[in-house]
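In the text below, chain A, chain B and the rest are named by the order of the sequence lines, each starting its count at 1. Computed from heavy atoms alone, side chains included, the values below leave out hydrogens, waters and symmetry copies. On a predicted model such as this, the values are computed, not experimentally measured, just so you know.
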2 protein chains.
Amino acid sequence: MTISKPAVSNAMPSDIAPIENVPLRVQVADRLRNAILSGRLRPGASLVETALAEQMNVSRAPIREAIQILENDGLVETIAYKGKRVKPLTAREVAETYSLREVFEVMAARRILENGASLDLLRTHCDEMTAAAEADNFEALVAADEAFHHALIRLADHDLLLASWKNLYLRIHQIMALRNRDERNLSEVAGNHPPIVQALADGDAKRAIKLISDHTRILAAFDPATIVQTP
Amino acid sequence: MTISKPAVSNAMPSDIAPIENVPLRVQVADRLRNAILSGRLRPGASLVETALAEQMNVSRAPIREAIQILENDGLVETIAYKGKRVKPLTAREVAETYSLREVFEVMAARRILENGASLDLLRTHCDEMTAAAEADNFEALVAADEAFHHALIRLADHDLLLASWKNLYLRIHQIMALRNRDERNLSEVAGNHPPIVQALADGDAKRAIKLISDHTRILAAFDPATIVQTP
DNA sequence: CAATTGTGTAATGTCGACAATCCATAGGTG
DNA sequence: CACCTATGGATTGTCGACATTACACAATTG
């Protein structure tokens with residue numbers, strides 16, 4: 001994944017916004033990625049270059065490059081001379097995705113304990129989550145949850161880990177979109193996070209790791225059966 | 001990364017080799033990747049599409065797509081409308097690469113202990129390494145070393161881990177090519193591996209993990225100063 | 001002289017057309 | 001009927017030409 005902000009350093013009045021010159025392939029890739037991550041394009045759906053080119057009113061070149069970007073993200077696969085399609089999601093891949101995420105976040109926790117990063121960000125996101133849970137706001141809770149985990153990874157101060165985690169999290173987005181939402185456990189999930197922060201604050205590596213592992217496994221086990229393919 | 005073998009299922013006499021219909025972009029990508037991983041194209045070297053197209057006698061399209069493949073591999077970076085170049089390698093990136101590799105291999109060891117995979121492959125590669133070390137054959141030793149670690153990952157039976165590890169190992173190849181070979185420690189490095197296998201055989205997770213971590217860190221610390229950029 | 005404006009060049013970005021390939025399916029042949 | 005062959009359609013692969021952009025550097029202006 002390659003998210004690069006314009007990085008406006010001089011805080012000028014943003015009335016005259018900096019012209020953004022986004023290449024077509026990026027625009028196309030973003031739109032397609034959105035469609036996949038939101039579940040509008042389901043696993044197995046075929047992506048035909050000519051059709052997409054006509055729909056989006058661009059030539060095939062940017063479409064091809066966009067699809068290749070998504071291939072790098074692991075969301076699309078190509079079969080030469082035959083077609084491209086949204087990568088099918090197997091139950092195994094879902095399990096592997098979550099187990100790798102667990103390893104990443106455990107690694108982050110270890111590094112945070114070593115480099116003594118401030119945990120304020122994590123606490124903030126915990127508060128956001130509990131607020132969202134009380135307000136019964138599903139979207140906000142999901143957003144705060146992601147922000148928490150994102151912060152956890154960023155605090156580890158490891159660019160490669162961050163990039164790998166982001167890439168992995170794309171698939172998690174996709175998985176979540178394909179699941180039947182089980183909103184019952186939301187406040188429970190929200191409650192999982194503060195103890196993690198507390199363990200980190202206590203410098204208790206073992207407890208932090210166990211809490212993170214358990215939390216990830218709960219997420220992975222929600223309802224794997226609902227993941228299907230449309231061939 | 002996308003290494004896909006032809007996958008010849010029927011073990012026919014390979015006299016008449018199966019026709020390989022490799023797209024140009026893949027051939028180009030392979031050649032460029034070779035050049036980068038062997039150190040012939042150093043970090044910072046710029047890749048000009050038109051020049052490459054002329055040199056290789058193909059049009060720009062496959063060159064562009066090949067470069068994008070290498071971008072996915074994390075070996076090349078693009079600056080829009082300006083140019084593409086071999087991604088510069090910072091000391092930090094090198095360190096991060098090795099620390100992530102450590103995490104991957106520790107994860108693999110844990111899984112191997114859980115699923116009780118056979119360790120015969122690992123023992124075989126250990127033997128190859130000691131043989132190569134005795135014969136003072138540097139190339140063979142490096143190959144056997146990679147085979148050992150590759151096997152370690154494969155035994156973990158985790159496709160996503162395997163793919164991530166392969167991608168990471170690309171950069172390790174590059175790093176090794178850029179280093180001044182310090183051949184003194186070769187037999188020492190070779191000797192690091194059998195104890196790991198032994199620890200796995202004993203089911204001693206703690207010891208296996210410590211040995212793997214130590215081994216990785218030794219490799220990371222060889223001579224980081226020799227990594228330079230050519231802007 | 002300093003600052004701004006113009007201009008040229010080198011590189012990537014985009015396009016439309018054509019070629020190569022695979023797959024299914026129809027048709028022949030023993 | 002079973003098996004091989006060819007033919008057509010759909011899709012990706014490749015190409016050459018043109019458009020767009022950014023940068024450097026000269027030209028202009030005060």
Side-chain angles (χ1 to χ4, degrees), chain A residues 2 4 6-10 12 16-32 41 44-72 75-88 230-231, chain B residues 2 4 6-10 17-32 41 44-72 75-88 230-231:
Chain A
T2 326
S4 56
V8 183
S9 50
N10 44 359
M12 285 252 70
I16 306 136
I19 276 291
E20 298 192 21
N21 182 14
V22 185
L24 281 185
R25 60 161 179 273
V26 176
Q27 299 182 42
V28 172
D30 287 348
R31 286 175 60 175
L32 288 178
L41 275 175
S46 76
L47 303 172
V48 179
E49 295 175 359
T50 53
L52 292 173
E54 200 166 352
Q55 283 179 40
M56 302 199 187
N57 202 34
V58 296
S59 92
R60 273 181 55 218
I63 300 279
R64 279 178 71 80
E65 301 190 350
I67 289 181
Q68 215 181 338
I69 291 176
L70 297 180
E71 227 173 324
N72 311 347
L75 299 175
V76 169
E77 71 181 359
T78 294
I79 303 165
Y81 292 106
K82 225 195 128 185
K84 326 214 174 189
R85 60 175 182 176
V86 181
K87 211 166 166 187
T230 30
Chain B
T2 326
S4 56
V8 183
S9 50
N10 46 359
I19 273 290
E20 298 192 21
N21 183 13
V22 186
L24 281 184
R25 62 161 177 273
V26 177
Q27 299 182 41
V28 173
D30 287 348
R31 286 175 60 176
L32 287 179
L41 276 176
S46 77
L47 303 171
V48 179
E49 294 175 1
T50 53
L52 293 172
E54 199 166 352
Q55 284 178 40
M56 301 199 189
N57 202 36
V58 296
S59 93
R60 270 181 58 217
I63 300 280
R64 278 178 72 80
E65 301 190 350
I67 289 182
Q68 215 182 337
I69 291 176
L70 297 179
E71 226 172 326
N72 310 349
L75 298 175
V76 170
E77 71 181 1
T78 294
I79 303 165
Y81 291 106
K82 224 195 130 184
K84 327 216 170 186
R85 59 174 182 176
V86 181
K87 211 167 167 188
T230 31

Under a 4.0 Å heavy-atom cut-off, which of residues 46-59 of chain A touch DNA chain D?
->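 Within this stretch, A:L47, A:V48, A:E49, A:T50 sit under 4.0 Å of the strand.
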
Which residue, B:V28, B:V76, B:L75, forms the side-chain contact (heavy atoms from CB on, under 4.5 Å) with B:I67?
->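 Result: among B:V28, B:V76, B:L75, B:V76 is the only option passing the side-chain contact (heavy atoms from CB on, under 4.5 Å) with B:I67.
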
How far apart are the C-alpha atoms of A:Q27 and A:L24, what are their side-chain angles, what is the distance that settles it, and do they pass the side-chain contact (heavy atoms from CB on, under 4.5 Å) test?
-> CA-CA 5 Å; A:Q27 299 182 42; A:L24 281 185; 4.0 Å; yes

Closest-nucleotide ordering on DNA chain D, the 5'-leading residue of B:A61 and A:K82 =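 By nearest-heavy-atom nucleotide position, the 5'-most residue is A:K82.
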
Minimum heavy-atom separation for A:A29 to A:A66, with atom names?
->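 Residues A:A29 and A:A66, closest heavy atoms: N-CB, 3.5 Å.
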
Which heavy atom of A:S59 sits nearest a heavy atom of A:I63, and at what distance?
->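 The answer is O-CG1, 3.4 Å.
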
Got a second to check how far B:M56's CE is from B:R31's CZ, nearest 0.5 Å?
->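 With rounding to 0.5 Å, CE (B:M56) is 4.5 Å from CZ (B:R31).
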
Without swapping roles, check the side chain of A:E77 against the backbone of A:K84 for a donor-acceptor pair under 3.5 Å.
->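 Judged by distance alone, no pair lies under 3.5 Å.
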
Under 3.5 Å: donor-acceptor pair, side chain of B:T78, backbone of B:A80 =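 Not confirmed, B:T78 side chain does not pair with B:A80 backbone.
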
Give A:R60 one of three labels, base, sugar-phosphate or nothing, depending on what nucleic acid heavy atoms sit under 4.0 Å from its own.
->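 Base: the residue A:R60, judged by heavy atoms under 4.0 Å, touches a nucleobase.
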
Check every strand shown and say whether B:L24 touches a base, only sugar-phosphate, or nothing at a heavy-atom separation below 4.0 Å.
->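 Sugar-phosphate, no base atom in range.
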
Could you check how far NZ of B:K84 sits from C1' of D:dA22, rounded to whole Å?
->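 About 15 Å, once rounded to whole Å.
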
Please report, rounded to the nearest Å, how far the P atom of D:dT14 is from the CZ atom of B:R25.
->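 Whole-Å distance recorded here is 6 Å.
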
A:L41: what forms a side-chain contact (heavy atoms from CB on, under 4.5 Å) with it, not counting sequence neighbours?
->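 Scan of A:L41 (side-chain contact (heavy atoms from CB on, under 4.5 Å), adjacent residues dropped) gives A:L32, A:A35, A:I36, A:A45, A:L47, A:V86.
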
Go through the structure and list residues passing side chain to side chain donor-acceptor pair (under 3.5 Å) with A:E65, not counting sequence neighbours.
->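 Partners of A:E65 under the side chain to side chain donor-acceptor pair (under 3.5 Å) test: A:R25, B:R64.
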
Segment of DNA chain C, first to last nucleotide, that comes within the 4.0 Å heavy-atom reach of chain B |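 So the outermost contacting nucleotides come out as C:dA11 to C:dC22.
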
Protein-nucleotides 7-10 of chain D N/O pairs under 3.5 Å:
none

Residue pairs fulfilling salt bridge (Lys or Arg N to Asp or Glu O under 4.0 Å) with at least one residue in residues 52-61 of chain A, sequence neighbours excluded =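 For residues 52-61 of chain A, and leaving out neighbouring residues, the salt bridge (Lys or Arg N to Asp or Glu O under 4.0 Å) pairs sorted by first residue read A:E49-A:R60.
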
